[in-house]
Amino acid sequence: MQDLGDKPMVITGTGELIGDYMEQYAKLYDIYIDRTSGLLYLPELAPICCYFTGLEIVGKAGPGLLTYSFEFSEDCENTSNSIISERSYHIVSAYDTLYTIALKYGISAETLFELNSSVTDALNLTEGDIIWLE
């Protein structure tokens with residue numbers, strides 16, 4: 001990440017896709033060409049509104065492996081006006097349920113239901129969704 005003060009933050013890096021990497025890369029490419037702002041989730045940071053501004057295959061793809069580079073540019077207007085909050089949250093991972101999240105944070109599942117009105121099934125959460133903890 002590059003902090004430019006009042007200018008948009010730029011986030012760059014590389015990633016790897018394994019298995020059916022061309023199908024996965026095609027999904028990334030569809031998001032890239034969409035050119036709309038969206039939330040970017042980074043470990044240990046609050047989500048940031050960004051535009052996907054760069055996507056490129058790095059080197060040659062190998063058997064079952066593709067390396068790519070990416071770039072995101074902060075959408076300053078939407079970051080300041082978005083739902084991003086100082087409230088604590090959990091980003092749903094594979095196999096998370098409302099009950100496992102409640103156990104992890106020492107919160108009752110009932111409280112999590114009250115805080116997250118969009119959750120209709122405690123056992124079937126969508127990976128990448130935000131669960132509010134307070």
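Numbers here simply count residues along the sequence, with the first being 1. Small disclaimer: the values here were computed from a predicted structure and weren't measured.
- To the nearest 0.5 angstrom, Y89 atom OH is 9.5 Å from Y105 atom OH.
- Between atom CG of residue D129 and atom OG1 of residue T126 there is a gap of 4.5 Å, rounded to the nearest 0.5 Å.
- Between the S108 side chain and the T111 main chain, a donor and an acceptor come within less than 3.5 Å of each other.
- Hydrophobic clustering, with ILVMFWY side chains joined whenever heavy atoms are under 4.5 angstrom apart, keeps F70 apart from L65.
- Looking at T53, its side chain does come within 3.5 Å of a backbone N or O of E71 through a donor-acceptor pair.
- Ring geometry for F72 against F52 counts as parallel: the plane angle stays under 30°, on a 0 to 90° scale with 60° as the upper cut.
- A distance of 12.0 Å separates CD in E56 from OH in Y29, rounded to the nearest 0.5 Å.
- Note that OG1 of T67 and OH of Y25 are 11.5 Å apart. Values are rounded to the nearest 0.5 Å.
- Here the side chain of Q24 pairs a donor or acceptor atom with the backbone of I18 at under 3.5 angstrom.
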- Task: Check the pair Y68 / L55 against side chain to side chain contact (heavy atoms under 4.5 Å, CB included), numbers first and verdict last.
- Result: CA-CA 7 Å; Y68 64 96; L55 180 64; 3.7 Å; yes
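- In this structure a side-chain-to-backbone donor-acceptor pair under 3.5 Å is present from N116 to L112.
- We find the SG-CD distance between C50 and E74 to be 6.0 Å, quoted to the nearest 0.5 Å.
- A donor-acceptor pair under 3.5 Å links the side-chain atoms of T97 to the main chain of T100, judged by distance alone.
- To the nearest 0.5 Å, atom CD1 of residue I130 and atom NE2 of residue H90 are 11.0 Å apart.
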